[in-house]
Amino acid sequence: MRLSKLFAKTQREIPAEADTISHRLLLRGGMISQVATGVYTYQPLAWRSLRKIEQIIREEIDRAGGQEVSMPVLQPIELWQKSGRDQALGKTLFKLVDRRDHTLVLGPTHEEVVTDIVIHNIRSYRDLPVNIYQIQTKFRDEPRPRAGLIRGREFAMMDAYSFDRDQAGLDTSYQKMLSAYKAILARCGTEATIVEADSGAIGGKDSLEFMLLTDSGEDTIIICRKCGYAANAEKARFNKGGADNGRPLPLEEVSTPGMQSIEQVAGFLNVPAGQTLKAVFYVADGNFIFVVIRGDLPVNEIKLKNTLKANDLRMATEAEVLEKGIVPGSASPIGIKNVKVIADDSVEAGTNFIAGGNKPDTHVKNVNYPRDFKADVVTDIALARAGDTCPHCSTPFTAVRGIEVGHIFKLGTLYSEKLGAYYTDENGVSRIIVMGCYGIGLSRLLAAAIEQHHDDKGIIWPVPIAPYHVYLCALYREGTKVDETAEKLYADLQTAGIEVLFDDRKESPGVKFNDADLLGIPLRVTVSARTLEKESAEVKWRAEKEAQLLPLEDLVTVLKQMLAGKMRA
RNA sequence: CGGGGUGUAGCGCAGUUGGUUUAGCGCGCAGCGUUUGGGACGCUGAGGUCGGAGGUUCAAAUCCUCUCACCCCGACCA
């Protein structure tokens with residue numbers, strides 16, 4: 001491709017509305033353009049990279065036994081009503097009404113559709129296991145799209161679904177996909193960290209996320225450097241430690257004038273925050289929830305939401321709290337009535353806590369669970385942070401940021417039950433199908449790869465997903481053979497099957513070199529009056545500082561060898 | 001949805017106490033000439049319903065009302 005003809009224009013100025021690296025570089029390189037919030041056109045360079053990622057994924061999923069299909073983007077709302085996810089997804093579902101007044105959904109994912117198809121195609125144990133996948137545009141009306149391709153409302157995704165006879169079969173399918181995912185991310189030149197994750201609106205029990213670590217990531221990941229335990233903060237387990245403050249003593253009211261927050265109360269009574277109990281109030285799907293947790297721990301709203309099986313969870317307003325007869329600042333679970341109480345398990349791992357007195361300026365000492373109050377549920381609803389310790393080896397955690405590029409789930413029989421997916425076994429008995437599902441965000445992966453591979457000049461594409469492999473840079477000068485030499489090299493490279501972007505523009509060297517750096521093509525080959533004096537061309541890896549002069553003779557062969565060495569990670 | 005912010009040429013911005021403006025500047029773009037190893041220079045030129053609607057006024061990019069779009073921070077996810 002000749003750069004002079006490429007449908008893209010590089011920009012010198014940093015686009016004002018972008019402040020994430022990948023977003024900036026994609027815009028500056030003329031690789032994407034925005035059409036609406038979270039909606040982008042992929043221009044030729046980005047599209048080529050995306051197609052390469054797609055091909056890598058296709059090869060690896062095929063190798064893992066997947067069969068590619070194409071399911072519809074348009075889906076009848078009824079399927080979503082059957083699974084109940086029209087409620088769970090809520091406003092995230094893009095809906096539209098057809099001419100018959102029938103509501104359709106733009107597919108955000110395909111568990112419902114795929115299960116429905118399987119019901120019509122799988123009848124016998126002989127048909128199992130099966131794994132089907134597609135690579136397609138997905139639509140989600142995200143509350144807040146951001147950072148260009150990292151979170152769009154329309155994005156490219158590979159979604160795969162496995163169907164097995166039983167849990168053991170699912171385990172096998174899941175492991176195959178886990179391996180395939182590792183291979184895909186490695187081949188794309190990215191370094192992924194696999195973490196335990198919450199399954200969110202997809203549902204199911206076990207799930208793992210593939211994170212590309214970068215500061216611009218949206219997720220917080222908790223990592224144990226010693227034993228390797230890694231989890232999304234919203235899922236992470238940790239040692240809360242006990243709060244043994246001696247044998248349970250009798251309750252005792254204390255005056256705490258003006259003391260409301262945990263810090264104030266703990267400071268006033270001269271005890272650590274971990275010896276207090278914190279009350280936090282939420283509204284889950286319209287129901288008021290009283291949450292009790294040890295004073296030094298934050299509530300993990302994801303864990304809480306899962307415990308409650310709620311679609312919608314938010315903090316209660318002060319008015320809602322007062323309406324329940326609760327005294328903010330001195331709220332107590334003791335004697336609370338007609339309110340659902342959820343307690344973190346830290347409250348039963350300690351004694352003689354200080355809790356609210358449920359009247360102004362008053363707290364109560366020596367509160368013990370379950371002697372003094374009852375919770376409807378006692379479970380883990382605490383948020384892990386850096387410095388908390390690993391549940392496996394007690395080493396303090398490190399917290400890092402990451403972008404979730406892939407997620408695999410053991411769905412089990414969640415959808416099979418709701419939609420009715422059964423097969424007949426060897427004995428003629430009808431049994432439920434066990435499912436798994438697996439997603440990779442291709443457009444996000446593209447952006448995340450840039451987050452991992454760039455410098456202050458621009459992108460540094462990993463060779464396997466680079467839009468082109470060679471950036472042929474001709475520095476023209478009157479009275480030299482630069483023009484004809486570059487043209488011949490361009491032709492020879494193409495003949496040899498090397499993907500080459502030819503900078504044939506009549507621009508100054510500075511412009512060309514800067515654009516070459518910005519666009520990040522792995523190998524830069526420069527032909528100039530200077531190099532021709534030595535019958536050679538200058539060859540430089542984008543990722544490296546030093547360039548080398550190589551003879552024009554058999555240059556194509558040499559370049560081919562150089563690239564071959566980098567095609568596999 | 002809550003909070004913050006921005007809309008003036010393809011991009012980055014100035015102008016906003018209403019009137020000296022025919023709305024400017026830099027980059028980019030077009031033409032001509034000189035240049036050519038890290039974003040060259042000169043000359044000439046094209047390009048704008050100042051996000052939209054309504055209002056106030058002799059007069060609106062500028063003031064008022066409404067509205068739309070976009071960005072950032074939070075709850076959501078590949």
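Numbers restart at 1 for each chain; the letters A, B, ... are given by sequence-line order, proteins then strands.
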Test item: Val525(A) and Leu555(A) side chains (from C-beta on) under 4.5 Å apart, heavy atoms: yes
Can you identify which nucleotide, out of A78(B), C29(B), C71(B), has its nearest atom closest to the Thr37(A) side chain? C71(B)
Pairing of Glu60(A) and Arg63(A) as salt bridge, 4.0 angstrom limit: yes
Without decimals, in angstroms, what is the distance between Lys91(A) NZ and A75(B) C1'? 13 Å
Looking across every strand, which nucleic acid part, if any, lies under 4.0 Å from Ala36(A) by heavy atom: base, sugar-phosphate, or nothing? sugar-phosphate
In Watson-Crick or G-U wobble terms, with both distances under 3.5 Å, the base opposite G12(B) is C25(B)
May I ask you to test the Glu111(A)-Phe409(A) pair for a side-chain heavy-atom distance under 4.5 Å? no
More than 12 foreign heavy atoms under 6.0 Å from CD of Glu553(A): is that the case here? no
Heavy-atom check, side chain of Val400(A) versus side chain of Met211(A), under 4.5 Å: no
Name the closest nucleotide to the Gln34(A) side chain, picking from G37(B), C70(B), C76(B). C70(B)
By nearest heavy atom, map Arg530(A) and Gly406(A) onto RNA chain B; which one lands nearer the 5' end? Arg530(A)
Would you please determine if the base of G39(B) is stacked by Phe513(A), with stacking meaning a centroid separation under 5.5 angstrom and planes under 30 degrees? no
Can a side chain N or O of Lys138(A) be found less than 4.0 Å away from OP1 or OP2 on C77(B)? no
When the P atoms of U62(B) and G55(B) are compared, how many Å lie between them, rounded to an integer? 14 Å
Nearest-Å distance for atom pair CZ/C1', residues Phe155(A) and A78(B): 5 Å
Under 3.5 Å between N/O atoms: give me all the protein pairs with nucleotides 8-15 of chain B, atom names plus distance.
| unit_1 | atom_1 | unit_2 | atom_2 | d |
| --- | --- | --- | --- | --- |
| G12(B) | OP1 | Ala16(A) | N | 3.1 |

Applying side chain to side chain contact (heavy atoms under 4.5 Å, CB included), can you list everything that pairs with Pro551(A), at least two apart in sequence or on another chain? none
Please report, to 0.1 Å, the donor-acceptor pairs under 3.5 Å made by any side chain of residues 469-476 of chain A, with sequence neighbours excluded.
| unit_1 | atom_1 | unit_2 | atom_2 | d |
| --- | --- | --- | --- | --- |
| His469(A) | NE2 | Lys52(A) | NZ | 3.4 |
| His469(A) | NE2 | Val463(A) | O | 3.4 |
| Tyr471(A) | OH | Asp503(A) | OD2 | 2.7 |

Classify Arg505(A) by what it touches in the nucleic acid, base, sugar-phosphate, or nothing, heavy-atom distance under 4.0 Å. nothing
Report yes if a side-chain nitrogen or oxygen of Ser528(A) is closer than 4.0 Å to either non-bridging phosphate oxygen (OP1 or OP2) of G37(B); otherwise report no. no
In the strands shown, is C58(B) matched to any nucleotide by a Watson-Crick or G-U wobble pair with both distances under 3.5 Å, and which? G19(B)
Any base atoms under 4.0 Å from Gly152(A), or only sugar-phosphate, or nothing? Heavy atoms, all strands. base
Check: Gly458(A) main-chain N/O paired with Asp455(A) side-chain donor or acceptor under 3.5 Å: yes
Within this structure, what is the CD-to-C1' distance between Glu154(A) and A78(B), rounded to whole angstrom? 14 Å
Ring pair (Phe, Tyr, Trp, His ring centres under 6.0 Å) filter on Phe290(A), not counting sequence neighbours, yields Phe281(A)
P atom, A61(B) versus G74(B): distance in rounded Å? 39 Å
Among G74(B), A78(B), G39(B), find the nucleotide with the atom closest to the side chain of Arg144(A). G74(B)
Non-hydrogen side-chain atoms of Leu79(A) and Val105(A) separated by less than 4.5 Å: no
Just by modelled atom types, is the Ile57(A) backbone N or O under 3.5 Å from a matching donor or acceptor in the Arg187(A) side chain? no
Can you figure out which of A78(B), C72(B), G39(B) approaches the side chain of Arg28(A) most closely? G39(B)
Between Lys457(A) and Arg146(A), which residue's closest nucleotide on RNA chain B lies nearer the 5′ terminus? Lys457(A)
Distance in angstrom units between Tyr438(A) OH and A78(B) C1', rounded: 16 Å
Separation of C76(B) atom P from Asn232(A) atom CG, nearest Å, is 11 Å
Nucleotide opposite C43(B) in a Watson-Crick or G-U pair, distances under 3.5 Å: G31(B)
Between C66(B) and G2(B), how far apart are the P atoms? Round to whole Å, please. 16 Å
When rounded to whole Å, the CZ to P distance for the pair Phe139(A) and A78(B) reads 17 Å
Remember a base hit wins even if backbone is also touched, and classify Asp19(A) as base, sugar-phosphate or nothing at under 4.0 Å, heavy atoms. sugar-phosphate
Would you say Arg477(A) reaches G37(B)'s phosphate, i.e. side-chain N/O to OP1/OP2 under 4.0 Å? yes
For atom P, what is the distance between G28(B) and G12(B), given to the nearest Å? 15 Å
Counter-base of G37(B), judged by Watson-Crick or G-U geometry with both distances under 3.5 Å: none
Please measure how far the C1' atom in A30(B) lies from the corresponding atom in A46(B), and state the result in whole Å. 7 Å
Please give the distance between the P atoms of C64(B) and G7(B) as a whole number of Å. 15 Å
Starting at atom CD1 of Ile150(A), determine the distance to atom P of C76(B), rounded to an integer number of angstrom. 18 Å
Considering only atom C1', compute the distance from A60(B) to U65(B) and round it to an integer number of Å. 15 Å
With a 3.5 Å limit on both atom pairs, tell me what A69(B) is paired to, counting Watson-Crick and G-U wobble, or say none. U6(B)
side-chain hydrogen bond (donor to acceptor under 3.5 Å, both in side chains) partners of Glu451(A), counting only residues at least two apart: Ser22(A), Ser216(A)
Between the protein and nucleotides 40-48 of chain B, which nitrogen or oxygen pairs come in under 3.5 angstrom?
| unit_1 | atom_1 | unit_2 | atom_2 | d |
| --- | --- | --- | --- | --- |
| A40(B) | OP2 | Ser508(A) | OG | 2.9 |

Determine whether the side chains of Asn300(A) and Glu234(A) contain a donor N or O and an acceptor N or O closer than 3.5 Å. no
Taking CG from Asp503(A) and C1' from G39(B), how many angstroms apart are they, rounded to a whole number? 13 Å
Rounding to an integer number of angstrom, what distance separates U6(B) and C50(B) when you compare their C1' atoms? 14 Å
